[in-house]
Amino acid sequence: MKITAVEAIPFAIPYVKPLRFASGEVHSAEHVLVRVHTADGVTGAAEAPPRPFTYGETQASIVAVIEQLFAPQIVGLTLMQREVVAARLGRTVGNPTAKAAIDMAMWDAFGRTVERRITDLLGGFTDRMRVSHMLGFDEPATMVAEAERMRDRYGITTFKVKVGRQPVSLDVAVVRALRECLGEDVELYVDGNRGWTAAESAQAMHQMSDCGLLFAEELCPADDVLGRRWLVSRLDIPFIADESVVTSADITREILSGSATAVSIKTARTGFTRSQRVHHLAEGLGVEVLIGNQIDGQLGTACSVAFGAAYRLTARRAGELSNFLDMSDDLLTEPLQIVDGELQIRPGPGLGVEIDPDKLTHYRQDR
Ligand code: MUC
Ligand code: MG
């Protein structure tokens with residue numbers, strides 16, 4: 001199980017339709033494929049999605065930090081030495097998706113070596129998750145049409161609505177239209193990506209109080225410390241911390257200070273090893289968790305569902321597992337399939353998915 005090499009391969013796959021939200025927009029999946037090779041001839045893979053507006057990483061910075069700092073520190077260790085890897089990489093601050101992808105590629109290689117699925121190695125609670133679809137900024141009618149298409153084609157009945165625009169009435173109109181057109185049977189929640197002030201958030205939540213929202217996520221910045229605490233104390237639904245909780249310590253601070261009451265777990269930023277800690281911490285604190293999406297491709301989505309299906313707490317709610325549907329293509333030999341609103345874990349060892357070499361050759365940007 002000795003690690004012999006770590007590769008960081010930049011690739012770019014265009015989106016059919018860009019995703020727009022309050023902190024940025026994504027037109028192309030310019031991600032980094034991370035592969036960990038072992039002396040036994042096993043290869044594990046994961047993807048790192050650069051999100052400069054969330055974590056300050058870029059595609060070039062992820063490749064550079066892996067090639068220059070991280071790979072030399074872990075080659076020669078074994079797949080079992082995850083804590084040693086974490087301690088060594090932890091000497092470099094930041095770079096969450098680069099660290100997470102290495103961790104998940106190691107788990108994938110480990111699962112393949114011992115011929116077990118990652119979801120079973122983690123917790124083995126179930127083999128599937130309900131899917132929540134994220135609706136990016138657009139006109140109300142377009143967002144309603146997209147939700148209807150997702151429901152009719154894939155059976156998805158949970159939608160996260162991107163909000164945070166000015167005036168707040170713009171997003172209130174969208175949520176109202178979605179509830180009116182889709183009826184009471186769908187689950188709706190909103191994510192502001194820090195676009196509103198605390199006062200604007202309170203105003204919007206008041207105007208949407210009859211829309212039956214399940215959660216509100218990052219409506220205003222966590223750095224507006226007192227404003228956010230004031231907002232969260234007024235809400236009668238859980239307030240999810242997402243980009244404000246990159247580390248476990250962030251979670252402790254946000255939850256104990258009353259600045260959030262639920263946590264989004266994104267394997268793209270905490271890998272499997274640190275996501276386990278986040279899960280256990282949230283369980284101990286008694287707060288809800290949700291499997292979030294870092295606008296992942298299919299490999300990243302396979303990681304999210306492997307983790308989400310492993311625990312009762314994460315499998316309870318629909319996970320955000322459908323952003324890959326907006327991509328024009330992907331790297332896997334067999335595309336993930338959302339059926340009847342669910343995504344199932346693949347039967348094979350590790351993540352159960354394979355990279356198509358021809359697709360990688362076509363989309364990689366380093367040759
Ligand atoms: C989300 O849940 O916020 C958009 C920005 C980001 O960091 O993640 C996505 C989705
Ligand atoms: Mg979010």
Side-chain angles (χ1 to χ4, degrees), residues 1-3 34-38 40-47 77-86 99-132 263 265-284 289-294 296-322 324 331-355:
M1 292 205 209
K2 189 177 269 205
I3 298 170
V34 176
R35 291 206 284 207
V36 168
H37 301 273
T38 73
D40 305 323
V42 173
T43 300
E47 68 173 333
L77 296 176
T78 78
L79 296 175
M80 303 296 289
Q81 291 178 287
R82 290 188 298 271
E83 291 296 314
V84 181
V85 172
K99 291 173 183 170
I102 289 176
D103 177 71
M104 294 190 289
M106 284 176 61
W107 272 91
D108 185 34
F110 179 64
R112 287 167 194 271
T113 305
V114 300
E115 298 184 354
R116 290 286 181 275
R117 298 187 308 183
I118 285 170
T119 203
D120 295 328
L121 294 171
L122 288 167
F125 181 70
T126 179
D127 66 349
R128 65 194 63 219
M129 283 189 82
R130 278 195 299 130
V131 173
S132 162
V263 171
I265 298 181
K266 290 186 174 175
T267 51
R269 74 168 161 241
T270 38
F272 293 133
T273 307
R274 287 174 56 227
S275 293
Q276 283 183 305
R277 293 196 171 110
V278 170
H279 165 273
H280 302 339
L281 175 61
E283 187 181 51
V289 298
L290 201 81
I291 292 295
N293 194 315
Q294 203 51 71
D296 306 305
Q298 296 195 19
L299 184 55
T301 306
C303 290
S304 299
V305 72
F307 188 87
Y311 302 99
R312 186 186 60 86
L313 202 61
T314 44
R316 233 178 132 230
R317 296 288 183 186
E320 295 165 8
L321 302 166
S322 61
F324 71 84
L331 295 182
L332 302 189
T333 50
E334 268 182 71
L336 300 184
Q337 304 283 354
I338 297 171
V339 179
D340 293 336
E342 291 184 331
L343 183 60
Q344 231 181 309
I345 306 280
R346 286 279 168 70
L351 291 168
V353 298
E354 306 296 334
I355 303 295

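Side chains are part of it too, since the values below use all heavy atoms of this structure and drop only hydrogens, waters and symmetry mates.
Under the 4.5 Å side-chain criterion, counting only non-hydrogen atoms from C-beta, Ser304 is in contact with Asp296. Counting heavy atoms from C-beta outward, Ile338 and Leu321 have side chains that stay 4.5 Å or more apart. Residues Val36 and Leu79 have side chains in contact (heavy-atom distance under 4.5 Å, counting atoms from C-beta outward). No side-chain heavy atom of Asp103 sits less than 4.5 Å from a side-chain heavy atom of Arg274. Residues Leu351 and Met104 are not in side-chain contact: their nearest non-hydrogen atoms beyond the backbone lie 4.5 Å or more apart. Side-chain contact between Val353 and Asp108: absent, with no pair of heavy atoms (C-beta onward) separated by less than 4.5 Å. For the pair Asp40/Met1, a side-chain contact is recorded, criterion being any heavy-atom separation below 4.5 Å from C-beta on.
Thr119 contributes a side-chain N or O that, together with a main-chain N or O of Ala306, makes up a donor-acceptor pair within less than 3.5 Å. Between the side chain of Lys266 and the backbone N or O of Asn293 there is at least one donor-acceptor pair closer than 3.5 Å.
Applying the side-chain hydrogen bond (donor to acceptor under 3.5 Å, both in side chains) test to Thr113 and every residue at least two apart in sequence or in another chain returns nothing. For Glu354, the side-chain hydrogen bond (donor to acceptor under 3.5 Å, both in side chains) test picks out Arg112, with sequence neighbours left out. For Gln298, there are no side-chain hydrogen bond (donor to acceptor under 3.5 Å, both in side chains) partners at least two apart in sequence or on another chain. By the side-chain hydrogen bond (donor to acceptor under 3.5 Å, both in side chains) test, Gln81 is found to be paired with no residue, residues two or more places apart in sequence or in another chain being considered. For Glu47, there are no salt bridge (Lys or Arg N to Asp or Glu O under 4.0 Å) partners, not counting sequence neighbours.
Glu283 and Arg316 are not joined by a salt bridge, as no carboxylate oxygen comes within less than 4.0 angstrom of a charged side-chain nitrogen.
Sorted by first and then second residue, the salt bridge (charged side-chain N to carboxylate O under 4.0 Å, His left out) pairs involving residues 338-348 (not counting sequence neighbours) are Arg128-Glu342.
A pairwise comparison of heavy atoms in Thr314 and Tyr311 identifies OG1-O, 3.1 Å as the closest pair.
Between Phe272 and Trp107, the two ring planes are perpendicular [angle over 60°; tilted spans 30° to 60°].
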